[in-house]
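Lettering follows sequence order; numbering is per chain, from 1.
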Amino acid sequence: MPFTNFIQEIVIKNLTDLYSQQFSEKDFQINETKPEFEGDYTVVLFALVKTLKKSPEILGNELGTHLLKSYPDFFFGYNVIKGFLNLEITENQLTLFLQKNYNKDSFGKKPSNHKKVMVEYSSPNTNKPLHLGHLRNNFLGWSIAEILKANGYDVIKTSIVNDRGIHICKSMIAWQMFAEGATPELTHEKGDHLVGDYYVKFNDEYKKEVGQLIQAGKPKEEAEKEAPIMKKTQQMLLGWEQGNPEVRALWEKMNSWVYKGFDETYKRIGSDFDHTFYESNTYLLGKDFVQEGLQKNILFKKEDGSVWVDLSDKGLDEKLVLRGDGTSVYITQDIGLAKQKFNEYNLDKSIYVIGDEQLYHMKVLKEICRKLGMPFADDIFHLSYGMVELTTGKMKSREGTVVDADDLVDEMIATAEKHTEELGKVKDFTQEELKDLYDTLGLGAMKFYLLRVDPKKRMIFNPEESIDFHGFTGPFVQYTYARIQSILKKVESEHLAIDHIQLTRNTLLPLERQLIILLEKYVNAVADAATEMNPSIIANYVFNLAKLFNSFYAEHSVANAENDQKKELRVTLSVMTATVIKNGLQLLGIKVPDRM
RNA sequence: GGCCCCGUAGCUCAGUGGAUAGAGCAACAGCCUUCUAAGCUGUGGGUCACACGUUCGAAUCGUGUCGGGGUCACCA
């Protein structure tokens with residue numbers, strides 16, 4: 001059990017012993033002691049003062065004395081300053097913790113809790129390549145999946161590919177009109193980029209046609225409706241829905257190009273899925289619930305035959321769930337798919353990693369499911385994340401201000417190569433090893449950069465900052481890991497049996513003590529990251545750990561420690577720091593290099 | 001306009017009821033014959049948007065104001 005939780009528990013017990021009153025963990029706080037005070041953990045007494053009618057000083061001293069007496073192995077000393085009871089943990093306890101866990105790969109991982117959760121993320125459209133926003137989504141989804149796994153969940157990663165609709169038809173029409181048979185094989189362009197090019201081409205042509213119509217005297221609205229290319233596209237969508245073989249063949253061909261491109265990108269960035277849903281298979285789902293809802297009077301029909309749900313009692317509006325012509329809208333399919341997910345996979349929780357512009361939509365989905373009496377309604381969780389903006393403003397695909405995912409990955413890896421070459425530390429690496437290293441560092445930098453901020457908040461992507469490999473960055477943490485490997489290599493070559501370290505009593509130096517206490521907090525960081533659905537907690541933790549280790553490293557030598565006991569202690573400390581960095585970064589999808 | 005989110009150092013962000021508000025970047029000053037300087041140490045830099053309230057205690061909770069963003073489609 002983590003120290004904080006343990007202290008919480010025994011303080012409750014001690015308070016009952018002393019004052020015959022029951023307290024819960026909400027009645028007081030256990031904090032880390034601020035560095036300017038003596039101690040490791042602090043019990044904040046103010047909240048207890050009132051109920052116990054004792055002064056903070058008396059309460060602190062009574063509690064402190066009692067804690068010390070009942071747990072002499074755990075507490076070494078205490079002091080009371082104002083309303084704060086600062087507790088010092090025994091060196092024995094700290095070294096015991098280190099000894100038990102330093103070599104445990106499973107440190108921070110919980111056993112199965114037999115709960116199943118689905119994480120849906122990435123979910124691209126097939127009319128254009130992935131961009132920076134998708135990267136934040138992918139890294140977030142993948143990381144949350146890993147974090148949940150570490151907390152004992154059985155996780156299924158899914159993606160729903162939006163492979164049908166008017167936007168795909170736009171690319172298809174433009175390709176027919178302008179491509180002259182161009183394929184990824186002929187042009188040597190990645191399939192998703194090729195299809196994306198024709199999506200852009202469509203918009204150019206559309207704008208041109210609308211402009212001409214306006215010039216010919218048509219009102220803007222009419223011109224937008226009547227542009228020939230738009231009409232053709234709508235015709236094509238109709239053809240697709242009716243199953244026109246030519247349209248379907250072209251659709252399948254162009255989508256297959258896109259999938260090949262996506263797969264390449266996913267492979268590079270390390271995204272993967274246990275199952276992929278395609279909207280072309282799911283877009284008809286949900287209609288049966290409309291009938292059911294009508295019978296139960298939860299939904300109502302308007303004169304034109306369209307079906308609606310009234311959510312005004314929940315502060316939301318009326319929402320259409322079925323068009324007058326009987327075709328479904330997006331929310332219809334979402335209801336159907338939500339149910340299918342729970343039924344097919346027997347889920348305890350279903351997480352959707354979707355941008356915060358869809359907060360309203362997801363709220364509506366949940367509310368409709370609730371109204372329809374679906375038992376899983378409350379287990380739908382929208383992990384919403386903020387938009388990625390550029391220093392120059394928002395990304396807009398139509399204005400060509402998007403940062404393409406493939407380009408960005410290339411740039412990050414190239415930056416890793418540049419920095420590595422400048423430093424010249426790995427001249428003996430093979431070509432293969434170098435490539436691996438650049439990938440590890442480039443992707444590490446990018447993932448860390450996008451995951452280090454709270455997902456809920458929108459963030460600004462600063463290109464200069466993103467390629468910085470110093471400070472609060474992935475490579476900084478990776479560097480710390482590599483440094484430790486270097487120490488261990490040296491120590492190993494001295495034939496020290498690091499697998500059989502016997503820690504004996506040492507006098508812990510401040511940095512050694514701080515490191516152990518920080519390492520001990522990893523378990524709580526992993527748990528917090530899961531409850532908050534927030535990988536940035538891990539990123540911050542792992543950075544602080546690396547920073548602290550680097551201070552320790554600069555101050556004290558491991559290989560040339562003052563004596564053998566110190567050496568053993570520090571080797572153990574180094575091994576454990578490396579393990580925690582490795583495990584923590586793994587939760588972010590970031591690899592560690594042995595050398596860099 | 002209704003609803004939702006955000007406002008902390010020059011910039012990017014931590015900190016959601018506790019002690020004198022912290023990092024990174026940028027700026028400046030130091031540290032490599034000793035385990036990797038992608039590092040370490042130090043200096044300067046804050047009216048936590050503003051006001052009122054709740055509390056022993058507020059960046060954190062409540063109300064209001066100002067500023068920024070999102071959303072309110074028979075689009076996805």
Distance, [atom1] atom - from [M] to [N], rounded to whole angstrom:
N	M	atom1	value
B:C56	B:C61	C1'	16 Å
B:A59	B:U54	P	16 Å
B:G67	B:A49	P	16 Å
B:C40	B:C32	C1'	11 Å
B:C11	B:A19	P	26 Å
B:G15	B:G24	C1'	15 Å
B:G62	B:C25	P	35 Å
B:U8	B:A14	C1'	10 Å

Closest non-hydrogen atom pair between A:Gly141 and A:Val353, with its separation
CA-CG2, 4.0 Å

For A:Ile30 against A:Phe28, the heavy-atom pair lying closest together:
CD1-CE1, 3.7 Å

NA contact type, [X], heavy-atom cut-off 4.0 Å: base, sugar-phosphate, or nothing?
X	value
A:Asp594	base
A:Asp317	sugar-phosphate
A:Met459	sugar-phosphate
A:Thr480	nothing
A:Ile484	nothing
A:Phe543	sugar-phosphate
A:Tyr330	base
A:Ser306	base

Considering only [options], which nucleotide approaches the side chain of [X] most closely?
X	options	result
A:Gln358	B:G39, B:A76, B:C35	B:A76
A:Lys50	B:C56, B:A76, B:A37	B:C56
A:Asp304	B:C74, B:A76, B:G39	B:C74
A:Ala554	B:C35, B:C40, B:U71	B:C40
A:Tyr479	B:C4, B:A37, B:C25	B:A37

According to the Watson-Crick and G-U wobble definitions, with both distances under 3.5 Å, which nucleotide is paired to [N]?
N	value
B:G42	B:C28
B:G1	B:C72
B:U34	none
B:A23	B:U12
B:U54	none

N/O (side chain, [X]) to phosphate O (OP1/OP2, [N]) under 4.0 Å:
X	N	answer
A:Arg570	B:C35	no
A:Lys363	B:C4	no
A:Thr391	B:C11	no
A:Arg595	B:C35	no
A:His470	B:G39	yes

Could you measure the distance from the NZ atom of A:Lys128 to the NE2 atom of A:His134? Nearest 0.5 Å is fine.
6.5 Å

Once you round it to whole Å, what is the distance between [atom2] of [N] and [atom1] of [X]?
X	N	atom1	atom2	answer
A:Ile460	B:C11	CD1	C1'	9 Å
A:Gln234	B:C74	CD	P	16 Å
A:Leu316	B:C4	CG	P	11 Å
A:Tyr541	B:C13	OH	C1'	20 Å
A:Asn550	B:G39	CG	P	8 Å
A:Lys302	B:A73	NZ	P	11 Å
A:Arg458	B:U12	CZ	P	11 Å
A:Glu389	B:C6	CD	C1'	11 Å

Describe, in one word, how the ring planes of [X] and [Y] are oriented to each other, choosing from parallel (under 30°), tilted (30 to 60°) and perpendicular (over 60°).
X	Y	answer
A:Phe46	A:Phe84	perpendicular
A:Tyr522	A:Tyr541	tilted
A:His419	A:Phe469	tilted

For A:Lys521, is there an ion pair with A:Glu32 - N to carboxylate O distance below 4.0 angstrom?
yes

Pair A:Glu532 + A:Lys456: basic N to acidic O under 4.0 Å
no

Determine if the base of B:C32 is syn or anti; take syn to mean the glycosidic torsion is within 90° of 0.
syn

Please determine which of A:Asn61, A:Asn86, A:Thr42 meets the side-chain hydrogen bond (donor to acceptor under 3.5 Å, both in side chains) test together with A:Tyr78.
A:Asn61

Is the ring centre of A:Trp251 less than 6.0 Å from the ring centre of A:Tyr278?
no

Are A:Phe552 and A:Phe549 an aromatic pair, judged by ring center distance below 6.0 Å?
yes

Polar atom pairs between nucleotides 14-21 of chain B and protein, under 3.5 Å, N or O only, would you list them?
residue	atom	partner	partner atom	Å
B:A14	OP1	A:Asp454	N	2.8
B:A14	OP2	A:Lys457	NZ	3.2
B:G17	O2'	A:Gln29	NE2	3.4
B:G18	OP2	A:Gln29	OE1	3.1
B:A19	OP2	A:Lys34	NZ	3.2
B:A19	N6	A:Thr42	OG1	2.9
B:A19	N6	A:Asn86	OD1	3.1

Of A:His361 and A:Phe461, the one whose closest nucleotide on RNA chain B sits nearer the 5' end is A:Phe461

